[in-house]
Protein chains: 2
Amino acid sequence: MNKHFQVSCNNCNLDAICLPRGLSADEIDSLSLEVKTNGMLDKGEYIYRQGDPFTRIIALKSGAAKLVNIDGHGNEHILSVSLPGEILGFDGLYQEHYNCSAIALDKISFCILPAENLEQISHKIPSVNRELFKHCSDNINKAQQQIISNKCPADEKLSLFLTGLADRLHARGFASNEFYLPLTRQEIGEHLGLTLETVSRMLKQFQTQELISVNRKLIKILNAEKLRAIYRN
Amino acid sequence: MNKHFQVSCNNCNLDAICLPRGLSADEIDSLSLEVKTNGMLDKGEYIYRQGDPFTRIIALKSGAAKLVNIDGHGNEHILSVSLPGEILGFDGLYQEHYNCSAIALDKISFCILPAENLEQISHKIPSVNRELFKHCSDNINKAQQQIISNKCPADEKLSLFLTGLADRLHARGFASNEFYLPLTRQEIGEHLGLTLETVSRMLKQFQTQELISVNRKLIKILNAEKLRAIYRN
DNA sequence: CGTCAGGTTGATTGAGGTCAACCAGCGTGG
DNA sequence: CCACGCTGGTTGACCTCAATCAACCTGACG
């Protein structure tokens, strides 16, 4: 029975968050056969590029990535930060070309669902189809939250960003009150619609309020309640 | 052969934009059997409500709708304005509850794809499955564009909003240089992240520059080129 | 040790929010 | 038919938050 010696869906520790969520053992087995599990990239490398033809859906296994769009003015926008268990690439389905670039923030590993297999997998395993839709819907929800949080003041933006990140890390079994944030101040700003100076000042402010402590890119949340409360006013 | 006397996918004038896009005649026939085509609502009525359990996907047939999310502060955010041929409701798939309310801006008519039929349709007609994914992806793309355009100055926001609307109307065969915008200044502001006063001032500015003319909610685009150029700086 | 990217801090400015007054159109009821 | 109130819209004065510009600091690395 031990057909798969590599780490794959059926022995992956992310099965509760990633595509296999809610699938039977048999279904996960079938899924595993279609998924390539050997994606690896170093920090700064591209998983896919804005404008590239759509060739695959990606499941992030370890590390983190950013989705970056370059607009008509040449300005970079970080649309989202992706964590292990999240599925990237749905943005490319509509126009058959990716709408943004996915770039590794860390050394990352990931699984690949080739576009040409998508239809048959969906057809063969209806529950995978359902999960793909759910992840797609999750992307819509996250983007909508992003739209909303982009309209609030700088301190609330940063509070939402940090607590949101902590929650997502927690859901994946990582430490959530102390984590390494693999983004520069510039990048945090590009994500939240702020300048790097404002990000720096807000982080300082949170530190003097003893809500967090910051050591370069290591963030420690000291008072999660009060940090969350910033958004609620 | 004339099995369907009601307006349905196989005799709908939106087939090139809506779900039937790219389907064969037979496939459209099968799809028609699963879709309820008799949705009707008056201005201000809810198609679905934020928090409601996910029960259906909606295809807007005529009129316009807004997607509204009410945030933790009680503030309304208009996530998008929907036009005929667009598919609403994917936001509810992930959590099995709608993430926002869909509200008629006009007298509208729409088609309904009941959630309980979704999986079997997708399975029976793979090309419908593909189209559903594409529309889902389109939603992601539009949300991402929204995130980006929310970061630019007020005049660029309004320019993007008006030209984007004109383009979408044009693609649906409507007049695109003169249209009725069924939103108050307040609502335009809630969509673009501006106050109603700023919206009013920007509309005025565009009028004095003779880019548009405004009569209450009737917008006439006088100089599309220059209007577009505002975004490009 | 010099260089350079990333980060902090301060001074100044400006776009857009806020507050407030006022106006236009419109349905209602005396 | 007009007075009334009400919603939506416009306009002006003022203020605030975060952008901008600039100087300087820090740690990593060749």
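We name chains A, B, ... by the order of the sequence lines, and we start the count at 1 in each one.
A:S101 contributes no side-chain N or O that, together with a main-chain N or O of A:R49, makes up a donor-acceptor pair within less than 3.5 Å.
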Can you list the steps and then say if B:Q144 with A:N99 is a side-chain hydrogen bond (donor to acceptor under 3.5 Å, both in side chains)?
CA-CA 9 Å; B:Q144 290 180 343; A:N99 190 42; 2.8 Å; yes
Test log, rule ring-ring contact (aromatic ring centres under 6.0 Å, His included), inputs B:F133 and A:F133
CA-CA 7 Å; B:F133 266 116; A:F133 266 116; 3.9 Å; yes
What do the steps show when you test B:D71 against B:H77 for side-chain hydrogen bond (donor to acceptor under 3.5 Å, both in side chains), and what is the final call?
CA-CA 8 Å; B:D71 71 13; B:H77 302 271; 2.7 Å; yes
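The distance between atom CD of B:E197 and atom P of D:dT11, rounded to the nearest whole Å, is 12 Å. Here D:dG9 presents its C1' atom at 10 Å from NZ of B:K217, a figure rounded to the nearest Å. The CG-C1' distance, from A:L196 to D:dA18, rounds to 13 Å in whole Å. Atom CZ of A:F206 is separated from atom P of C:dT8 by 14 Å (rounded to the nearest Å). A:N150 places its CG atom 16 Å from the C1' atom of D:dA19, with the value rounded to the nearest Å. Nucleotide D:dC17 holds its P atom 19 Å from the CG atom of A:L192, rounded to whole Å. Distance, A:I188 CD1 to C:dG6 P: 13 Å, rounded to whole Å. Atom CZ of B:R185 is separated from atom P of C:dC23 by 19 Å (rounded to the nearest Å).
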With the sugar-phosphate defined as primed atoms, P, OP1 and OP2, and the base as all remaining atoms, what B/S/- string results for nucleotides 24-30 of chain D, 5' to 3', for protein heavy atoms under 4.0 Å?
-------
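Other residues, nucleotides and ligands place more than 12 heavy atoms under 6.0 Å from the NZ atom of B:K134.
Under 4.0 angstrom from either OP1 or OP2 of D:dT11 there lies at least one side-chain N or O belonging to B:K204.
Using a 4.5 Å heavy-atom cutoff, the side chains of B:K220 and B:N177 are not in contact. Residues A:T184 and A:E187 have side chains in contact (heavy-atom distance under 4.5 Å, counting atoms from C-beta outward).
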Restricting to nitrogen or oxygen on both sides, can you table the protein-nucleotides 13-17 of chain C pairs closer than 3.5 Å?
from: C:dG16; atom 1: OP1; to: B:A154; atom 2: N; distance (Å): 2.6
from: C:dG17; atom 1: OP1; to: B:G193; atom 2: O; distance (Å): 3.4
from: C:dG17; atom 1: OP2; to: B:T195; atom 2: N; distance (Å): 3.3
from: C:dG17; atom 1: OP2; to: B:T195; atom 2: OG1; distance (Å): 3.1
from: C:dG17; atom 1: OP2; to: B:T198; atom 2: OG1; distance (Å): 2.6

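With hydrogens and angles left out, the side-chain atoms of A:D91 and A:Y48 include a donor and acceptor closer than 3.5 Å.
To the nearest 0.5 Å, the span separating CG on A:L203 from CG on A:L181 amounts to 8.5 Å.
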